[in-house]
Amino acid sequence: MLAELDADDEEDEHVLPDLPNAEEGAVVMRAAPNPNGPWHVGHARMPAVIGTYKERYDGEFICRFDDTDPETKRPDLNAYDAILEDIEYLGFEADRVLKASDRLDIYYEHARDLIDAGGAYTCSCSGEAFSALKNDGEACPHREKDAETVHEEFDAMVAGEYSAGEMTLRVRTDIEHKNPALRDWVAFRIIDTPHPREVAADYRCWPMLDFQSGVDDHLTGVTHIIRGIDLQDSAKRQRFVYDYFDWEYPEVLHWGHVQVDEYDVKLSTSTIKELIETGELTGWDDPRAPTIQSMRRRGIQGRALVDSMTDLGMSTSDVDLAMSSVYANNRDLVDDGANRYFLVRDREDDPAVTLSVVDGDAPAPEAGHPPLHPDHPDRGDRTVPAGRVVVESSDLPSEGERVWLKGYGCVRHTGDELVFVDADIDVVRDGDVDVIHWAPADEGLETLLRTVSGDVRGYTEPAVADVDPDAVVQFERVGFARIDAFEPAATDEPDGPTGEEDLLAYYAHP
RNA sequence: GCUCUGGUGGUGUAGUCCGGCCAAUCAUAUUGCCCUCUCACGGCAAUGACCUGGGUUCGAAUCCCAGCCGGAGCACCA
């Protein structure tokens, strides 16, 4: 008992480190997704960590869509809501939701202030030409333009008088800075392609991430920025702007990239999008896709993913997330509530076989009655009709040997029959007879189970029909699965539901 | 090439700032045993790591130097 109490006290032993200079009630953080698609598993880290800190410090969680590139990273109009839903599934809610594409005029205003402060100049160098100069630490001729000209040219940029590539607005940093990545970076450029959002479709002069994000972080009162190591130089770049405006830069934490094992698919929005377009994946919730929507459809609780993500800590080195850790977390959450059912798989290398259960030294009962949950007898039993049954061939004992049909009784494999044996459960306890799962051949539900490694067909016991869709069950000796739908409609997917199935389920994990 | 940044068991993590309590924590994984009418849950046990080499020190995962290996930026992507 004491040991139990101690264990409870140490519950929050391996939580995230404290934030630097964090004041209770005054912590503001933001997730700044690019809405170019629904989220993959790696994206869960940001809301998981921000949400956890928000709870710890009674802070604020801003979701700001950094959708400032209508061309290369073209926003997907469906992704805005998809991402908010992903966040909700993870168990969090943004206190404020902003879209950068609503805020162009704010950025222009700050650009003009920056020009006034001598912090920016319009530049018509080609990318290559400027890069060459910059790498030698040499300024381009445009750097010394007077403010009036810069204003005129920037106004012309905003007015849409230039085409892509003709003019940029650069921040005047230090052209000889020892880190070439920080020298006079581009703050605004021209993009000819209209933004997909109607309200932003008329703009042609778009800010780059470092400008837009830097301005917004200040304006929205962000106190702590968490971002990937790919943006390690951003703070240093943005600091030049902050210095011109005499703003104080927030605290910054970086973390490394997340890789996930178990999947063949790369953790990349564009890769997944491609695979969906070419039909190799059926959608964002395909169980083979390493996406949040897929986790959700498989019955993995957002909480399990969040726990795994916060366990990764805040290290700046790259990390591999083992899916087994997500599964372990999910099992913790789901095991108690998941009622047990039988699913007999019918696989090519291990087909289901049909046999009749017949009277032996005692009459064979008509049905088996295994409990819904071994730890909760009060939930009652299921009824699994016997008679003709299916079992997985690898479970079938050799000719003449016995096996125990779980919840039913002992049978002996005799030819194409299972002959009932009047034996006590002690034969199982003594280790002489194995226990296997089974399903009625005729009353069973024809089932399609979709898994990370492909679809599996099989037969579930009829009692599963009582389960509400969306519930997570455990197919005994197979694993946990989410009941997706009964009588699923046919799809044109090569392996998808044909319309013949009684049940569609998604496999979660063992 | 220039500039950042990091290297603790299979995976993640604690410890590193302020050297000794670290023959290195916890979780997960794997294996074995127990429990069990599941290969789930629960219990027990085992396996397994401080990148390398120097230096400082009575003492180094922790400090210093060098090397090796990795990640990132040097975009009119985010």
Side-chain angles (χ1 to χ4, degrees), chain A residues 10 13-15 17 32-36 66-69 71-75 100 123-128 130-131 134-135 137 164-170 177-183 185-191 205-206 208-210 212-213 227-234 236-237 254 256-259 261 269-270 307-329 331-332 334-336 338 340 342 368 370-371 373-375 404-410 425-429 433-437 474-480 509-510:
Chain A
E10 290 166 21
E13 45 191 7
H14 285 130
V15 290
N34 180 320
N36 59 344
D66 282 356
D67 54 351
T68 54
D69 184 352
E71 201 167 87
T72 321
K73 293 216 167 161
R74 179 155 245 265
C123 172
S124 53
C125 291
S126 71
E128 307 82 66
F130 187 87
S131 178
K134 179 205 68 184
N135 287 335
E166 287 182 356
M167 190 65 81
T168 64
L169 184 77
R170 288 185 183 278
H177 193 103
K178 64 173 182 169
N179 185 347
L182 309 189
R183 297 172 188 165
W185 45 273
V186 171
F188 286 83
R189 83 298 207 188
I190 305 297
I191 294 176
C205 177
W206 286 90
M208 298 285 288
L209 170 99
D210 280 317
Q212 171 267 126
S213 177
R227 59 182 159 215
I229 42 169
D230 47 330
L231 265 25
Q232 345 179 42
D233 290 332
S234 270
K236 293 169 188 162
R237 275 198 276 257
H254 292 109
H257 297 284
V258 184
Q259 288 299 319
D261 64 0
T269 306
S270 51
D307 288 346
S308 292
M309 285 298 175
T310 54
D311 282 347
L312 291 181
M314 292 293 295
S315 128
T316 52
S317 45
D318 291 352
V319 292
D320 291 333
L321 171 66
M323 283 307 294
S324 61
S325 132
V326 177
Y327 298 159
N329 284 330
R331 223 177 273 125
D332 268 358
V334 135
D335 183 65
D336 199 60
R340 271 56 170 168
F342 293 149
H373 192 115
D375 300 335
W404 189 282
L405 299 181
K406 194 168 182 351
Y408 180 78
C410 188
I425 189 63
D426 287 340
V427 298
V428 169
R429 294 199 174 125
V433 175
D434 290 333
V435 176
I436 65 167
H437 60 288
Q474 187 202 64
F475 291 127
E476 297 198 63
R477 307 211 307 140
V478 175
F480 293 91
H509 48 75

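Hydrogens, waters and symmetry mates play no part in the numbers below; they use all other heavy atoms, side chains included. Owing to the predicted nature of the structure, the values given are computational and were not obtained by experimental measurement. Within every chain, numbering begins at 1; the chains are lettered A, B, ... in the order of the sequence lines, protein sequences first and strands thereafter.
- At least one side-chain nitrogen or oxygen of Ser131(A) sits closer than 4.0 Å to the OP1 or OP2 atom of rA75(B).
- Note on Cys410(A): nothing from the nucleic acid sits closer than 4.0 angstrom, heavy atoms only.
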Heavy-atom protein contacts under 4.0 Å, nucleotides 38-47 of chain B, coded B base, S sugar-phosphate only, - none:
BBBS------
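- The residue Gly256(A) sits apart from the nucleic acid: no heavy atom pair falls under 4.0 Å.
- Taking the side chain of Leu312(A) as heavy atoms from C-beta on, and the options rC37(B), rG12(B), rG73(B), the nearest nucleotide is rG12(B).
- Distance CD1 (Ile425(A)) to P (rC37(B)): 6 Å, rounded to an integer number of Å.
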Show the distances under 3.5 angstrom between N or O atoms of the protein and N or O atoms of nucleotides 68-72 of chain B.
residue, atom, partner, partner atom, Å
rG71(B), O2', Asp318(A), OD2, 3.4
rG71(B), N2, Gln232(A), NE2, 3.0
rA72(B), O2', Ile229(A), O, 2.9
rA72(B), O2', Gln232(A), NE2, 3.4

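- The interatomic distance linking Tyr327(A) (OH) with rU11(B) (C1') rounds to 14 Å, in whole Å.
- Not counting sequence neighbours, the partners of Asp261(A) by the side chain to side chain contact (heavy atoms under 4.5 Å, CB included) test are Ala322(A), Met323(A).
- If you find the closest nucleotide of RNA chain B to Ala328(A) and to Cys123(A), the one lying nearer the 5' end belongs to Ala328(A).
- Using a 3.5 Å distance cut-off with no hydrogens or angles, the side chains of Thr72(A) and Asp69(A) do pair a donor with an acceptor.
- Judged as a ring pair (Phe, Tyr, Trp, His ring centres under 6.0 Å), and not counting sequence neighbours, the contacts of Tyr327(A) are His509(A).
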The test is side-chain contact (heavy atoms from CB on, under 4.5 Å); show your working for Asp66(A) and Leu209(A) and say whether it passes.
CA-CA 7 Å; Asp66(A) 282 356; Leu209(A) 170 99; 3.7 Å; yes
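- In terms of modelled atom types and a separation under 3.5 Å, the side chain of Thr310(A) and the main chain of Asp307(A) share a donor-acceptor contact.
- Taking atom C1' in both rA14(B) and rC50(B), one finds a spacing of 12 Å when rounded to whole Å.
- Rounded to an integer number of Å, the gap from CZ of Arg183(A) to C1' of rC4(B) is 14 Å.
- Partners of His257(A) under the side chain to side chain contact (heavy atoms under 4.5 Å, CB included) rule, at least two apart in sequence or in another chain, are Ile229(A), Asp230(A), Asp318(A).
- Residues meeting the side chain to side chain contact (heavy atoms under 4.5 Å, CB included) test with Asn179(A), sequence neighbours left out: His177(A), Ala181(A), Leu182(A), Asp233(A).
- Distance, Asp69(A) CG to rC76(B) P: 12 Å, rounded to whole Å.
- When heavy atoms are screened at a 4.0 angstrom cut-off, Ser234(A) is found touching no nucleic acid atom at all.
- Comparing the C1' positions of rG59(B) and rG12(B) gives a spacing of 31 Å, expressed to the nearest Å.
- At whole-Å resolution of the value, CG in Asp320(A) and P in rG6(B) are 19 Å apart.
- rA60(B) and rA24(B) are spaced 13 Å apart, taking the C1' atom of each and rounding to whole Å.
- A search for side chain to side chain contact (heavy atoms under 4.5 Å, CB included) contacts involving Ala328(A) returns Arg331(A), not counting sequence neighbours.
- Applying the salt bridge (charged side-chain N to carboxylate O under 4.0 Å, His left out) test to Asp335(A) and every residue at least two apart in sequence or in another chain returns Arg340(A).
- Whole-Å rounding puts the Gln259(A) CD to rG12(B) C1' distance at 14 Å.
- Look at the C1' atom in both rU30(B) and rC77(B): the space between them is 42 Å, to the nearest Å.
- Remark: the separation of the C1' atoms in rC51(B) and rC69(B) is 7 Å, to the nearest Å.
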Pairing string, 5' to 3', for RNA chain B - Watson-Crick or wobble contacts under 3.5 Å, brackets [ ] where pairs cross, | to another strand
(((((((..(((.......[.....)))((((((.......))))))...(((((..]....))))))))))))....
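- If you take atom C1' in rC18(B) and the same atom in rC35(B), they sit 48 Å apart, rounded to whole Å.
- Along RNA chain B, the nucleotide closest to Asn329(A) and the one closest to Gly313(A) are compared, and the more 5′ of them pairs with Gly313(A).
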side-chain contact (heavy atoms from CB on, under 4.5 Å) for Asp210(A) and Trp185(A)? Distances and angles first, verdict last.
CA-CA 9 Å; Asp210(A) 280 317; Trp185(A) 45 273; 3.8 Å; yes
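- Evaluation of the salt bridge (charged side-chain N to carboxylate O under 4.0 Å, His left out) rule for Lys406(A) yields Glu476(A) as partners, not counting sequence neighbours.
- Among the protein residues, Met167(A) comes within range of no part of the nucleic acid, since none of its heavy atoms lies under 4.0 Å from any strand.
- Across all strands shown, Thr168(A) has heavy atoms under 4.0 Å from base atoms, whether or not it also approaches the sugar-phosphate.
- Closest approach to the Val428(A) side chain among rC37(B), rA75(B), rC2(B) is made by rC37(B) (side chain taken as heavy atoms from C-beta onward).
- As judged by a 4.0 angstrom heavy-atom cut-off over every strand, Ser308(A) is placed among residues making no nucleic acid contact.
- Side-chain atoms of Thr168(A) do not come within 3.5 Å of backbone N or O of Arg189(A) as any donor-acceptor pair.
- For the P atom pair drawn from rU8(B) and rG71(B), the interatomic distance equals 14 Å after rounding to whole Å.
- With sequence neighbours excluded, the residues that form a salt bridge (charged side-chain N to carboxylate O under 4.0 Å, His left out) with Arg429(A) are Asp426(A).
- Closest to the Thr68(A) side chain, of the nucleotides rC37(B), rA78(B), rG73(B), is rA78(B).
- The interatomic distance linking Lys134(A) (NZ) with rC76(B) (C1') rounds to 12 Å, in whole Å.
- Considering only side-chain atoms of Val319(A), the nucleotide from rU13(B), rU11(B), rC74(B) that sits closest is rU13(B).
- A straight line from CG of Asp311(A) to P of rU25(B) spans 18 Å, rounded to a whole angstrom.
- Comparing rC4(B), rC74(B), rA75(B) by their closest approach to the side chain of Lys178(A) singles out rC4(B).
- rA23(B) and rA72(B) have their P atoms separated by 37 Å, given to the nearest Å.
- Under the salt bridge (charged side-chain N to carboxylate O under 4.0 Å, His left out) criterion, Arg477(A) pairs with Asp395(A), not counting sequence neighbours.
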